[in-house]
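Please read all numbers here as calculations on a predicted model, not as lab measurements. Note that the numbering runs from 1 along the sequence shown for the chain. Computed from heavy atoms alone, side chains included, the values below leave out hydrogens, waters and symmetry copies.
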Amino acid sequence: MSTPIVPEGATLLSTFKRSFVDVPIDADNDNAISTTEFLDAAESLTTMFDALGSVAFSPVKSDMLGNVKKIRERQLAAPAESENLQALVINELKSKSHKATEGLVWLVRLSLSSGHLTGADFRSKRGLDFTCIALSSNLAKGTEELADSFRGAYGATLKPHHGFLVKPVFSAAMSACPYRKDFYPKLGSDQTAVTVELTTYLKSLEKIVAILKGFQDRKEAKCTEPRRLRRNLPRPILKTSPTYGSGDNPPNRKFNIDFEIDECIPPLVAESPCSLVTWSGYCAKSV
């Protein structure tokens with residue numbers, strides 16, 4: 001990742017195409033969040049990972065941009081139904097699709113989670129919140145290093161929901177954080193302006209994430225349509241309790257599945273002639 005260039009007298013935040021400070025929220029329309037401005041702001045936020053200066057954050061940036069792309073594609077396909085994020089989700093789910101809805105969930109969560117998700121975890125806001133908590137904590141504690149702030153935020157948000165394969169990725173990213181004396185000058189030469197702008201920015205981001213969390217808790221924002229398991233899933237880890245048949249008859253097996261799936265699915269049952277397969281989960285991400 002290349003280090004962003006900040007013009008003399010400016011700050012990194014002032015170079016963003018869109019700031020979360022400038023994302024319209026319609027308080028008279030159930031806090032509807034404007035789709036275009038939100039996507040531009042989320043896209044701009046990824047520049048912050050460039051300022052951290054480590055390739056360890058590349059998966060985070062790539063994942064966020066991928067989910068922005070999912071939401072934007074839905075917006076372009078149905079612009080009249082996608083002027084705000086809440087309308088986009090509700091109308092997409094009515095069409096029996098959920099690609100953008102899933103993208104928004106994972107964008108808010110930062111989507112590097114692993115393993116089974118409970119309903120509460122599915123609706124959590126632990127993603128952008130992770131970034132917001134880390135930077136807010138670092139601003140508030142003038143001597144704390146970024147690595148410590150990000151470790152604290154990770155432990156409070158994402159770590160409890162990560163499997164053993166994902167935790168090392170984040171651990172590497174935390175360890176690769178620059179010293180604060182090197183990081184903040186990358187955001188601008190005027191450190192007073194950097195502090196003021198970053199504080200305002202993070203407060204706006206926190207407000208938006210809270211609104212989305214509340215919306216995702218609501219019934220109409222949830223993906224509940226049962227879907228068949230896809231044939232091209234990653235190979236699952238199966239725990240079998242076989243009851244073997246006789247002769248040429250195939251055995252009957254009940255499987256407990258442990259895998260990750262790029263779908264938004266409620267608990268379901270998929271049947272085949274030889275097995276009864278159950279998966280208890282909501283929305284997980286293939287890696």
Trainee: Does anything in residues 177-192 form a salt bridge (Lys or Arg N to Asp or Glu O under 4.0 Å)? List the pairs, not counting sequence neighbours.
Mentor: none
Trainee: So, taking the atom named CZ in R151 and the one named OG in S171, what distance separates them when rounded to the nearest 0.5 Å?
Mentor: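 Nearest 0.5 Å value for the CZ-OG distance: 7.0 Å.
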Trainee: Heavy atoms only: give me the nearest E197-S14 pair and the separation to one decimal.
Mentor: OE1-N, 4.0 Å
Trainee: Check whether S97 reaches the backbone of L93 with its side chain - one donor and one acceptor, N or O, closer than 3.5 Å.
Mentor: no
Trainee: Show every salt bridge (Lys or Arg N to Asp or Glu O under 4.0 Å) that has at least one partner inside residues 130-144, sequence neighbours left out.
Mentor: K141-E144
Trainee: Please confirm whether the backbone N or O of T101 pairs with a side-chain atom of E92, one donor and one acceptor, at under 3.5 Å?
Mentor: yes
Trainee: Provide the closest heavy-atom pair for L88 versus A100 in the form atom of the first, atom of the second, distance.
Mentor: CD2-CB, 3.7 Å
Trainee: Step by step, would you call T11 with L187 a side-chain contact (heavy atoms from CB on, under 4.5 Å)?
Mentor: CA-CA 5 Å; T11 66; L187 305 187; 5.8 Å; no
Trainee: Grab the two heavy atoms, one from S149 and one from A134, that are nearest each other, plus how far apart they are.
Mentor: CB-O, 3.4 Å
Trainee: Might you point out which heavy atoms bring V6 and G188 nearest each other, and give the distance in Å?
Mentor: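 Looks like CG1-CA, 4.4 Å.
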Trainee: So how far is it from S95 OG to I90 CD1, rounded to the nearest 0.5 Å?
Mentor: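 Nearest 0.5 Å value for the OG-CD1 distance: 12.5 Å.
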Trainee: Can you tell me if E37 has over 12 outside heavy atoms packed within less than 6.0 Å of its CD?
Mentor: yes
Trainee: Please name the pair of heavy atoms, one in G9 and one in S189, separated by the smallest distance, quoted to 0.1 Å.
Mentor: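 Closest approach of G9 to S189: N-OG, 4.2 Å.
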Trainee: Where do F183 and E145 land on the side-chain contact (heavy atoms from CB on, under 4.5 Å) test, with the steps shown first?
Mentor: CA-CA 10 Å; F183 173 68; E145 291 296 342; over 6 Å; no
Trainee: Between NZ of K61 and OG1 of T46, what distance do you get to the nearest 0.5 Å?
Mentor: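 If I round to the nearest 0.5 Å, the distance is 5.0 Å.
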Trainee: Hey, are the side chains of R72 and E43 touching, using non-hydrogen atoms and a 4.5 Å cut-off?
Mentor: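 With C-beta onward as the side chain, the pair touches.
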Trainee: Determine whether L135 and L139 make a side-chain contact, defined as any pair of heavy atoms from C-beta on separated by less than 4.5 Å.
Mentor: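 The answer is no; the side chains never approach within 4.5 Å.
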Trainee: I want to check something: taking the side chain as every heavy atom from C-beta on, are T36 and R18 in contact at a cut-off of under 4.5 Å?
Mentor: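 The answer is no, as the side chains (C-beta and beyond) never meet within the 4.5 Å cut-off.
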Trainee: List the steps, then state whether side-chain contact (heavy atoms from CB on, under 4.5 Å) holds for L104 with F38.
Mentor: CA-CA 11 Å; L104 180 61; F38 172 83; 4.0 Å; yes
Trainee: Do Q216 and V108 touch side chain to side chain, with heavy atoms closer than 4.5 Å?
Mentor: yes
Trainee: Looking at S136 and L202, what are the two nearest heavy atoms and their distance?
Mentor: OG-CD1, 3.5 Å
Trainee: So K70 and E102, salt bridge (Lys or Arg N to Asp or Glu O under 4.0 Å) or not? Walk me through it.
Mentor: CA-CA 8 Å; K70 288 181 181 180; E102 174 198 340; 3.4 Å; yes
Trainee: Thinking salt bridges, do R218 and D30 make one under a 4.0 Å N-O criterion?
Mentor: yes
Trainee: Taking the side chain as everything from C-beta on, heavy atoms only, tell me whether N31 gets closer than 4.5 Å to D26.
Mentor: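 Side chain of N31 against side chain of D26, heavy atoms only: no contact under 4.5 Å found.
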Trainee: Show, in sequence, the C-alpha distance, side-chain angles and deciding distance for Y179 and L146, and conclude whether the side-chain contact (heavy atoms from CB on, under 4.5 Å) test is met.
Mentor: CA-CA 6 Å; Y179 291 112; L146 282 165; over 6 Å; no
Trainee: Please answer whether the main-chain N or O of Y184 pairs with a side-chain N or O of Q191 as donor and acceptor at a distance below 3.5 Å.
Mentor: yes
Trainee: Measure the OH-CG distance between Y201 and L12 for me, rounded to the nearest 0.5 Å.
Mentor: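 The distance works out to 9.0 Å.
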Trainee: Would you indicate whether the side-chain heavy atoms of K167 and Y154 approach each other to under 4.5 Å?
Mentor: yes
Trainee: In a table with atom names and distances, give each donor-acceptor pair under 3.5 Å that connects a side chain of residues 76-85 to protein atoms at least two apart or in another chain.
Mentor:
unit_1, atom_1, unit_2, atom_2, d
E81, OE1, R74, NH2, 3.3
S82, OG, A78, O, 2.7
N84, OD1, Q86, N, 3.2
N84, OD1, A87, N, 2.7

Trainee: Using salt bridge (Lys or Arg N to Asp or Glu O under 4.0 Å), reason through E73 and K99 one step at a time and then give a plain yes or no.
Mentor: CA-CA 9 Å; E73 286 175 348; K99 185 176 180 181; 3.5 Å; yes
Trainee: Working to the nearest 0.5 angstrom, can you tell me the gap between T15 OG1 and I5 CD1?
Mentor: 10.5 Å
Trainee: Taking atom CG of L13 and atom CG of L45, what is their separation to the nearest 0.5 Å?
Mentor: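 Separation between the atoms: 9.5 Å.
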